[in-house]
Protein chains: 2
Amino acid sequence: MTDKDLKTEEKILEAAANEFLQKGKSGARMQEIANNAGINKALLHYYYRSKDKLFESVFTVVIKKLLLSKVNKIIEEEKDAIGLVRRFVATYIDIINKNPMIPFFVLEEITKNPGRLTNSMLNSGLPINKVFNLINDSAKQGVIREIEPQQLIINILSMSIFPVIGRNMFQPILFNDNKKAFDQFLESRKTEVADFIIRSIQPDK
Amino acid sequence: MTDKDLKTEEKILEAAANEFLQKGKSGARMQEIANNAGINKALLHYYYRSKDKLFESVFTVVIKKLLLSKVNKIIEEEKDAIGLVRRFVATYIDIINKNPMIPFFVLEEITKNPGRLTNSMLNSGLPINKVFNLINDSAKQGVIREIEPQQLIINILSMSIFPVIGRNMFQPILFNDNKKAFDQFLESRKTEVADFIIRSIQPDK
DNA sequence: CCCTAAATTAACCAAATGGTTAAACCATTA
DNA sequence: TAATGGTTTAACCATTTGGTTAATTTAGGG
């Protein structure tokens, strides 16, 4: 019982995640989720009462399980600004490459439904203050130049996330729609982006 | 007749743009568009046969009218890599700030419906080759360091576009949900981003 | 082996939604 | 002013869609 319970609930969540990630909240169809989970549609409502509730579950799982975990660890561990940039960029691009739908999915929901964040995600306690302090301290010690932490952080995130989100835009325009070339490009960015950033935050001599 | 024709068609297109920009293709409702245009729903189908056709019109207008025009001009005019970066970033961030919904709107459609690009947009003849050449030539002349044009271009676009797209994510997390502070932040990026980039592409001495 | 409670399904339902139709309206012009 | 053709509307329609209900199946414990 317990065994099959979990299996069914898990199957639903997985199918729902696929559907929501692919088509977004309003584009997703409960029937489709049921089909892909290999169950009757009524069972969806048996486990998760409504589409909204189901979405909520998927959203939480997707965010917590696939994004916040590794990131937090890196921030906690790394005490060196330059090293943090290197490790963060490499890890983050890697995570996103392996789950290319997630950033857009999260972005869509947060864009169309602001106020999502303040609750679950902000409480997830991502150690943003640590990053602020590290950037400021590193500047004071002359390891990097002075720079507003927000500017640096958003630059890093932008260059890590946006290329993947905008893949279907960039690949045709900048790579003749060559999938392999674009995959290589993304792979190379794990170090390229870090180098690009580090060059820019080198202290003025 | 002709006068009122255009007025109605225009009203529809405007209302449709608002609805599609706000809720996306699948979230948009024909009834809502009709309401906001102040007309009967049947009129929508009289002028634009279906939701798809209407969306198509909106999409084309939005892209051509609001994005490609100014950008092309800058690229055509500017012959200096550093100057191009400065002007492009300032202009682009400005355009996007004034139309913050557009990037996400375009992104959503292109993501969920790839193959959109190859037709209308790629034929719009944006002078991407000019940019490639300028970057390569500038590197050869020692004005900037060697860098893959794609890396540089995508870095520029990422840092210009993503902060606006991700506003509802960044504003709460990095700015205590202070709208004014974030507006100032975006404004300052018109020069900050250019500086950040230029520092990074300075030739190795 | 039977009883009970949870799991699962088939058949429905009501609301929403994109789309259609036939009639009314309005402006132009012959 | 009456005919004409484009414009606009009210009323419908068929389908889709999220959700419900009542009945059936399944599994485990006594």
Side-chain angles (χ1 to χ4, degrees), chain A residues 1-62 101 105 108-109 112-113 115-116, chain B residues 1-62 101 105 108-109 111-113 116:
Chain A
M1 182 168 51
T2 311
D3 188 51
K4 214 183 175 195
D5 261 5
L6 283 181
K7 247 182 207 157
T8 302
E9 226 172 306
E10 211 48 45
K11 273 193 304 183
I12 293 176
L13 213 59
E14 199 188 306
N18 284 336
E19 179 78 357
F20 280 126
L21 280 167
Q22 210 185 317
K23 303 182 187 164
K25 191 176 177 179
S26 60
R29 295 290 166 252
M30 296 295 271
Q31 186 60 57
E32 196 67 18
I33 294 173
N35 291 346
N36 291 337
I39 57 156
N40 187 287
K41 190 180 55 157
L43 208 44
L44 290 186
H45 294 86
Y46 178 77
Y47 283 103
Y48 307 83
R49 298 236 302 256
S50 66
K51 191 186 185 183
D52 272 310
K53 292 264 170 52
L54 179 54
F55 179 84
E56 201 69 26
S57 300
V58 169
F59 190 77
T60 306
V61 167
V62 163
M101 309 279 233
F105 169 77
E108 179 174 17
E109 179 54 18
K112 288 176 183 166
N113 190 345
R116 229 315 136 39
Chain B
M1 182 168 49
T2 311
D3 189 51
K4 214 183 176 194
D5 260 6
L6 283 180
K7 248 180 205 157
T8 302
E9 226 172 305
E10 210 47 44
K11 275 194 302 184
I12 293 177
L13 213 60
E14 200 188 306
N18 284 336
E19 178 80 357
F20 280 126
L21 279 167
Q22 209 185 319
K23 303 182 187 165
K25 190 175 175 179
S26 61
R29 295 291 166 250
M30 295 296 268
Q31 185 62 57
E32 196 67 17
I33 294 173
N35 292 345
N36 291 337
I39 56 156
N40 187 287
K41 192 179 55 157
L43 252 202
L44 291 185
H45 295 87
Y46 177 77
Y47 283 102
Y48 307 83
R49 298 236 303 253
S50 66
K51 192 186 185 184
D52 272 309
K53 292 264 169 53
L54 179 54
F55 179 85
E56 200 70 26
S57 300
V58 169
F59 190 77
T60 306
V61 167
V62 163
M101 308 281 233
F105 169 77
E108 178 174 19
E109 179 54 18
T111 299
K112 288 176 183 167
N113 189 346
R116 227 318 135 38

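Letters A, B, ... are given to chains in the order of the sequence lines, protein chains preceding strands, and every chain is numbered from 1.
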d([atom1], [X]; [atom2], [N]) in whole Å:
| X | N | atom1 | atom2 | result |
| --- | --- | --- | --- | --- |
| Asn40(A) | dA22(D) | CG | C1' | 13 Å |
| Leu43(B) | dT20(C) | CG | C1' | 14 Å |
| Ile39(B) | dC25(C) | CD1 | C1' | 16 Å |
| Asp52(A) | dT17(D) | CG | P | 16 Å |
| Lys25(A) | dT17(D) | NZ | C1' | 16 Å |
| Lys23(A) | dT16(D) | NZ | P | 14 Å |
| Leu54(A) | dG19(D) | CG | P | 10 Å |
| His45(A) | dA10(C) | NE2 | P | 16 Å |

Which nucleotide in the list [options] gets nearest to the side chain of [X]?
| X | options | answer |
| --- | --- | --- |
| Ala42(B) | dG19(D), dT20(C), dT8(D) | dT20(C) |
| Arg29(B) | dT20(C), dT9(C), dT17(C) | dT17(C) |
| Met30(A) | dT8(C), dG19(D), dT9(C) | dG19(D) |
| Tyr47(B) | dA10(C), dT8(C), dT7(D) | dT7(D) |

Does a donor on one side chain sit under 3.5 Å from an acceptor on the other, for Gln31(A) and Asn35(A)?
-> yes
Nearest-nucleotide 5' precedence on DNA chain D, Lys41(B) against Gly38(B) | Gly38(B)
Below 4.5 Å, heavy atoms only, C-beta onward: do Leu44(A) and Ile12(A) meet side chain to side chain?
-> yes
Flag the pair Glu19(B) and Lys51(B) as a salt bridge only when some basic side-chain nitrogen lies within less than 4.0 angstrom of an acidic carboxylate oxygen.
-> no
Look at all strands and tell whether Ala28(B) reaches a base, only sugar-phosphate, or nothing, counting heavy atoms closer than 4.0 Å.
-> sugar-phosphate
OP1 or OP2 of dT7(D) less than 4.0 angstrom from a side-chain nitrogen or oxygen of Thr8(B), does that happen here?
-> no
Please determine if a side-chain N or O atom of Tyr46(B) lies less than 4.0 Å away from the OP1 or OP2 oxygen of dT9(D).
-> no
Can a donor-acceptor pair under 3.5 Å be found between the side-chain atoms of Lys51(A) and the base atoms of dG19(D)?
-> no
If you count the non-hydrogen atoms of other residues, nucleotides and ligands that lie under 6.0 Å from CD in Glu32(B), is the total more than 12?
-> yes
Validate the cation-pi geometry between Lys25(B) and Phe55(B): distance from NZ or CZ to the six-membered ring centre under 6.0 Å, angle to the ring axis within 45°.
-> yes
